[in-house]
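Worksheet: one structure, shown below.
Every value quoted in this text rests on a predicted model; they were computed, and no experiment measured them. Letters A, B, ... are given to chains in the order of the sequence lines, protein chains preceding strands, and every chain is numbered from 1. For the numbers below, each heavy atom of this structure counts, side chains included, while hydrogens, waters and symmetry mates do not.
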2 protein chains.
Amino acid sequence: MKAVGIKAAGDSSQLVLVDRKQPTLSKGELLIEVEAAGVNRTDILTRERSTPTPEQVELGIEVAGRVLDTNASDKFSVGDRVMGLVNGGGYAELAKLPADRAIPLPHALSYIEGAAIPEVFATAYQTLFWIGGLKENETVLIHAGASGVGTAAIQLAKQLKHARVIVTAGSQEKLDFCKQLGADVLINYKEENFASVISKETKTKGVDLILDFIGASYWEKNLESIAIDGRWVLIGTLGGYELSSFNISSLLQKRIQLTGTLLTPRSDSYKAKLSQELAYQTLPLFENKTLKPIVDTIFPIEKVKDAHDYMEASKNIGKIILSV
Amino acid sequence: MKAVGIKAAGDSSQLVLVDRKQPTLSKGELLIEVEAAGVNRTDILTRERSTPTPEQVELGIEVAGRVLDTNASDKFSVGDRVMGLVNGGGYAELAKLPADRAIPLPHALSYIEGAAIPEVFATAYQTLFWIGGLKENETVLIHAGASGVGTAAIQLAKQLKHARVIVTAGSQEKLDFCKQLGADVLINYKEENFASVISKETKTKGVDLILDFIGASYWEKNLESIAIDGRWVLIGTLGGYELSSFNISSLLQKRIQLTGTLLTPRSDSYKAKLSQELAYQTLPLFENKTLKPIVDTIFPIEKVKDAHDYMEASKNIGKIILSV
């Protein structure tokens with residue numbers, strides 16, 4: 001079968017289409033005929049860092065497609081349309097998907113749209129609700145509001161908790177899009193100091209929750225922007241990871257809960273529980289179009305290098321998808 | 001009535017015995033005839049920092065004594081023996097104690113012992129269970145194991161969750177005492193690198209929870225010592241609060257939850273809920289002596305300067321109490 005591999009750890013020029021053996025199923029895994037696969041930043045890190053056996057690297061952590069082999073699962077039938085998080089190998093014609101985290105694809109959605117859901121909505125759900133403990137009518141600051149996780153988080157925070165949503169992004173086009181999704185306060189970080197805007201907008205109280213993909217470059221402003229008893233979830237370090245100073249007494253004075261998280265390295269049981277809760281809470285809302293998967297661009301799998309280059313340029317609003 | 005005030009913000013020589021008016025009760029407050037008051041580090045900070053009206057400073061945040069006026073509360077009677085967290089003014093002959101956080105003093109305990117319970121057991125309970133989420137049989141690292149909160153935390157972690165308890169302290173005498181309370185692994189931080197000992201003792205897995213009173217000087221070693229999905233509760237900065245570098249990617253990679261907390265500035269409703277849950281969970285264990293308040297030294301209220309000096313020298317094992 002056709003799949004994407006790498007020649008060696010490195011930049012996008014290392015990506016290569018290879019011919020691989022069909023995956024061998026373990027107990028509890030479905031075989032999926034992949035129609036579309038999502039592109040994620042974790043794929044870029046895998047591409048850059050995977051040594052010393054690059055020939056074994058199987059890129060891709062989420063797919064949408066048809067069940068080809070149920071492997072004795074009684075929850076799915078051959079031909080079922082599903083989406084879900086895979087343990088690598090999503091950039092391929094065939095992939096193994098654990099049945100306990102396969103999510104039925106709503107009739108209203110295409111495979112392309114389905115591939116835009118699992119990673120970003122699961123990450124946004126986990127960070128907003130499980131880790132961030134977002135409550136009804138609280139205020140949340142979502143950095144990189146137009147990113148894949150950002151667009152999912154804006155919708156989930158508004159639709160499930162009626163939160164007040166403040167976003168940052170780097171262009172008016174991105175901010176306009178966030179507004180369409182329901183964001184209440186829009187900040188162009190290139191033109192305004194977000195901490196000052198937030199102080200004014202919240203009457204100096206600050207925000208109850210921060211979803212932070214940025215890290216070091218926003219650290220001090222995030223500390224200024226967070227409320228007493230605020231939660232701060234660190235899910236990326238696009239703005240660097242080395243702090244040259246940090247006064248930790250602010251953590252005490254504001255009683256901040258700062259949590260780092262990554263989804264991909266978590267256990268199978270964690271991903272199963274998260275997928276099931278996400279499905280339960282959101283499938284009706286995807287079916288009736290209250291929640292929308294946000295697709296920016298679709299690349300055929302043969303153009304995977306262009307897809308990675310496009311993501312690294314941070315030009316996308318929402319997801320980048322490979323069609324297989 | 002007799003009470004402790006300060007002449008000006010500053011060192012312990014500013015402490016002074018004053019004659020104050022009897023407190024005026026608000027709705028829901030009991031009047032307590034104070035028999036004993038606990039000394040806490042927060043009292044030292046209040047003494048040092050209270051400006052610009054030092055004459056109004058009322059030191060002391062926990063007491064044990066007899067109810068003198070129930071103020072129409074139907075939960076207590078005149079003469080009841082109680083202990084609890086007060087909103088300042090504990091170093092005095094009479095104090096106001098909100099009825100919804102007054103805890104009946106077990107018959108088996110003296111007033112002196114009662115004054116050694118509220119602040120440190122409530123803080124240890126809050127940090128271990130509410131914030132730290134300690135589960136059955138997990139491993140917890142308790143720094144300053146012989147301190148007031150440390151001695152409470154060792155007992156609560158062992159008795160309520162059968163945790164494996166690792167402590168650090170600065171002398172063999174303190175470590176021996178922690179062992180008597182149930183600590184499993186004893187580390188003299190002056191003689192050993194605690195991170196190395198923990199790596200060996202946990203087979204490189206690390207600890208599930210850290211209670212950190214120290215802050216900056218232990219930062220890197222705490223990062224080394226914590227397990228994946230570990231919780232780290234910062235409740236003091238005895239070792240400084242300025243980090244000169246911090247690689248935040250460790251928070252992501254280990255999925256650490258780092259939470260700063262202080263008890264004294266929290267709301268009345270928070271303290272009431274915490275006091276009630278603490279009473280429910282621990283009073284039978286205090287009554288049957290499974291849990292023990294740890295009293296190091298008792299100073300008459302007239303010697304309050306000596307009590308503060310003694311605390312600042314960090315010589316105590318357990319609590320320092322003022323008898324009134």
Side chain, backbone, both or neither of [X] within contact of chain B (heavy atoms, under 4.5 Å):
X	answer
Leu262(A)	both
Ile131(A)	neither
Trp219(A)	side chain

Going by atom types alone, do [X] and [Y] pair a side-chain donor with an acceptor below 3.5 Å?
X	Y	result
His143(B)	Asn222(B)	yes
Thr261(A)	Gln126(A)	yes
Ser269(B)	Ser267(B)	yes

With a 4.0 Å cut-off, would you call Asp229(B) and Lys254(B) a salt bridge?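 Salt bridge flag = no for Lys254(B) with Asp229(B).
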Below 30° counts as parallel, above 60° as perpendicular, anything between as tilted: where do the rings of Tyr218(B) and Phe194(B) land?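 It falls in the tilted class, 30° to 60°.
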Side chain Arg101(A), main chain Ser275(A), donor-acceptor under 3.5 Å: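 No; zero donor-acceptor contacts below 3.5 Å.
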Among Leu251(A), Ile248(A), Thr259(A), which residue forms the greatest number of heavy-atom pairs with chain B at distances under 4.5 Å?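 Highest number of pairs under 4.5 Å: Ile248(A).
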Between [X] and chain A, which part of the residue has a heavy atom less than 4.5 Å away: side chain, backbone, both or neither?
X	result
Leu234(B)	both
Ile228(B)	neither
Arg266(B)	both

